[in-house]
Amino acid sequence: MRKSDYKVALIVPVYNEHETVETFVKTVFEKLEAEIEHIEIVFIDDGSKDDTVQIIENIQKEYGNISLIKLSRNFGKEAAMSAALDLVQADAIVPIDVDLQDPPELVLDFIKIWREDGVDNVFGIREDRSKDTNTKRVSSEGFYYVFNKLSGRVQIPSNVGDFRLIDRKIIDILKTLKERNRFMKALYAWPGFTSKGVGYKRPERVAGNTKWNYWKLWNFALDGIFAFSSLPLRVWSYLGGFIGVLSLIYMFWNLIKTLVLGNSTPGYTTLICVILFLGAVQLIGIGVLGEYMGRLTEEVKGRPVYVASKITGPLSKQLPKGMSNTCVGISYNEETKK
Ligand code: UDP
Ligand code: MG
């Protein structure tokens, strides 16, 4: 085993993953344990309804460096990752999927770039997406294009997921961010510092099924865009202004026409078109307001991002002060109130 003075934690959100957990742990240790002296796996059970938790607890008996943060229900992958970022103390954290779609051996390349080149945010770039459907590829490209056009200063490279290595200084900054809508992909980029991408081929899931469908992906995309841009909100004044000017011109044109040629009262079609068009534009505008209002309400309510009901393994011995290992409610970055 190579000697090293740093500690790396793989953070692995799991939701109904009884088919993949064991293979994941075996593969990780096979590929990484000989190379990294201090490595730990932290599973975050995101309210699985199958026996994922029991399987993890059995594996924990075999290995000394596996921890489990059990959330009290399904909070979503972003919340699960936030729980780990709050609680794990390692020098670098690697968010990684349990289905082996993020190849564990790539972590060695991440670490090399982190240690030798001093890069703080080393991310994986999915180079080959031939396994994805055309619809998924096109919609994903479209999302990154729109996101980067709207978000201004926080840019996210396309084909980059959560799989990456982040240095402690970025984690410490992420922990101070108070927002509840946690679009992690862009939040990782928000603190800045140095970043570098490493290309890889994304294989298919080893077992089980994806937890995403198009409706969820659509909402996820909206979360990202509305969290990082206020342009959709502001564009309506400009659109209103533009339509207003056009209407004025049209009004003058009609006025002159009526003065010169008299009023023959046609125009039913024009009228109905204008009413329907403006009605639709107004409804879209209200809809966008609603999207922001809904998210604003979530933020104002200030509920915790996740609730951890149980923490086991080495992590339970190094929890922040005041937090027990059977917490009833953790709001991120706050001490547990029993
Ligand atoms: N996941 C989670 N909570 C959820 C949905 C997914 O923790 O509500 C986890 C899941 O167990 C997996 C990772 O997030 O480890 C990625 O999920 P998936 O493979 O379904 O996503 P895809 O690779 O298809 O984008
Ligand atoms: Mg997957």
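Atoms within each ligand, like the ligands themselves, are counted from 1 in listed order. Any value given below was found using the heavy atoms of this structure, including those in side chains, with hydrogens, waters and symmetry copies removed. For the single chain, residues carry numbers from 1 onward in sequence order.
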Original post:
When you look at CH2 of W236, are more than 12 heavy atoms from neighbouring residues, nucleotides or ligands closer to it than 6.0 Å?
Top reply: yes
Subject >> side-chain contact (heavy atoms from CB on, under 4.5 Å) between E17 and I55, worked out >> reply: CA-CA 10 Å; E17 296 282 4; I55 294 174; over 6 Å; no
**OP:** With 2.8 Å as the limit, jot down which protein N, O or S atoms are around the Mg ion (ligand 2).
**Re:** D99 OD2, Q101 OE1
**OP:** Using a strict cut-off of under 4.0 Å between a residue heavy atom and any atom of ligand 1, list the qualifying protein residues by chain and number.
**Re:** P13, V14, Y15, E17, D46, N74, G76, K77, D97, V98, D99, Q101, R202, R205, T210, K211, W212
Original post:
Would a distance-only check, ignoring hydrogens and angles, find a side-chain to backbone donor-acceptor pair under 3.5 Å from D167 to K169?
Top reply: yes
**OP:** State yes or no: are the ring centers of F163 and F110 separated by less than 6.0 Å?
**Re:** yes
Original post:
Can the positive tip of R73 be found less than 6.0 Å from the middle of the six-membered ring of F75, inside 45° of the ring normal?
Top reply: yes
Original post:
Once the angle between the rings of F143 and F183 is folded into 0 to 90°, is it parallel (under 30°), tilted (30 to 60°) or perpendicular (over 60°)?
Top reply: perpendicular
**OP:** Working to the nearest 0.5 Å, report the span between CG of D162 and NZ of K185.
**Re:** 6.0 Å
Subject >> I170 and its side chain to side chain contact (heavy atoms under 4.5 Å, CB included) partner, picked from I166, D172, I173 >> reply: I166
Original post:
Is there side-chain contact between V305 and R182, with at least one heavy-atom pair below 4.5 Å?
Top reply: yes
